[in-house]
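One-based numbering along the sequence shown. Start at 1 and go down the list; that is how both ligands and their atoms are numbered.
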Amino acid sequence: MDLPKLAVAALGGTVCMQARNAGEGVIPTVSGETLLTAIPELTTLARVTVETLGMLPSASLDFEFLLSVLCWAKFQAKQGAVGVVIIQGTDTLEEVASFFEYLWPHDIPLVLTGAMRSAAQPGGDGPANLLDACRVALAHHSQQRGVQVVMNGQIHHASNVRKTDSLALQAFSSPVTGPIGLLLEDRVHYLRPPRHRAVLPLPQKTSQKVAMLEASLSADTLLLENILALGYDGLVIAGFGAGHVSQSWAKVIEKIARKIPVIIATRTGSGSTARATYGFSGGEMDLISKGASMAGFLCPRKARTLLWLLIGCQRQDELPRYLGSDMVLHH
Ligand code: ASP
């Protein structure tokens, strides 16, 4: 029987990490090719091409490198792969997933995975996550679902998934919605139908700078006041509660929003920003009237990724449309 073609790439992360010598910290050294030897059953499911495109802790990935990974993944799709799996560190998985989700133009699934335990640790979750991710990428009902993250037996959509625990095996969750699917007895089960996707063109430039600041109690305005002078092209605020800042921040944000796009998200870790509830100075109604956009359900990090991409393809004027599409609300 002709097995389907699956493309796998490793970028690094804990899943690829081990210590060179006893007592030393783990660093990424294990190639994608070696990772696949831990899941020999994959050869009965697919013809696999595997490449090691990077060997980085995920904190050191950047958007330019991710564009080259995207280019590789698109090439694999053109070469007939039925799915693509990318193995990387978990620390920035939520941002990378949404970066690819905004740009992935194909019907075939792009699946991201990693591990919370390193390659050499007892009970390492890397092989199980990798096999699960491959199963998701190969499943015919994964078509038209865009970019998904597979970790610890769960499937999360790129637009909602967040790393919500620093070290636990169950480190990923999708606040409000929960996972979109599960792996049970080696089978892929979706709990929801595919959703509408809005795919952006590739950015024509990559030099744009988007700052991100978190509101905190009694914070001064020094950094905020210097955002324009420092040459930033966009600003994301992780605001209090439903998307709020102090009165002093609100005054500065008004000046900034006259010049560059400003998005206010919530720093709470779950839920949406408000639009029409709070009227105080620094509340969401005030910030909207001062020219800021509310992130809705997008977390601050994903909002920053979106803004960077929109500025890169000169579509920042369409920000409201893309902020509105991150979660479908049924009225
Ligand atoms: N702790 C991280 C991980 O889980 C390291 C990284 O993101 O590269 O992979």
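- Below 30°, between 30° and 60°, or above 60°: for Phe63 and Trp308 the angle between ring planes is between 30° and 60°, a tilted geometry.
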Between side-chain atoms of residues 110-119 and protein atoms elsewhere (two or more places apart, or another chain), which donor-acceptor pairs fall under 3.5 Å?
{"from": "Thr113", "atom 1": "OG1", "to": "Val150", "atom 2": "O", "distance (Å)": "2.7"}
{"from": "Arg117", "atom 1": "NH1", "to": "Gly123", "atom 2": "O", "distance (Å)": "3.0"}
{"from": "Ser118", "atom 1": "OG", "to": "Gln121", "atom 2": "OE1", "distance (Å)": "3.4"}

Output side-chain donor-acceptor pairs under 3.5 Å for residues 39-46, partner residues at least two apart or in another chain, one line each.
{"from": "Thr43", "atom 1": "OG1", "to": "Pro40", "atom 2": "O", "distance (Å)": "2.7"}
{"from": "Thr44", "atom 1": "OG1", "to": "Glu41", "atom 2": "O", "distance (Å)": "2.6"}

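- Residue-level contacts of ligand 1 at the 4.0 Å heavy-atom threshold are Gly13, Thr14, Met17, Pro57, Ser58, Gly89, Thr90, Asp91, Ala115.
- Residues forming a side-chain hydrogen bond (donor to acceptor under 3.5 Å, both in side chains) with Gln154 (at least two apart in sequence, or on another chain): His156, Gln170.
- Phe172 and Val85 are assigned to two separate hydrophobic clusters, defined by single-linkage of ILVMFWY side chains at heavy-atom distances under 4.5 Å.
- One finds a salt bridge joining Arg197 and Glu101 here, because a Lys/Arg side-chain nitrogen approaches an Asp/Glu carboxylate oxygen to under 4.0 Å.
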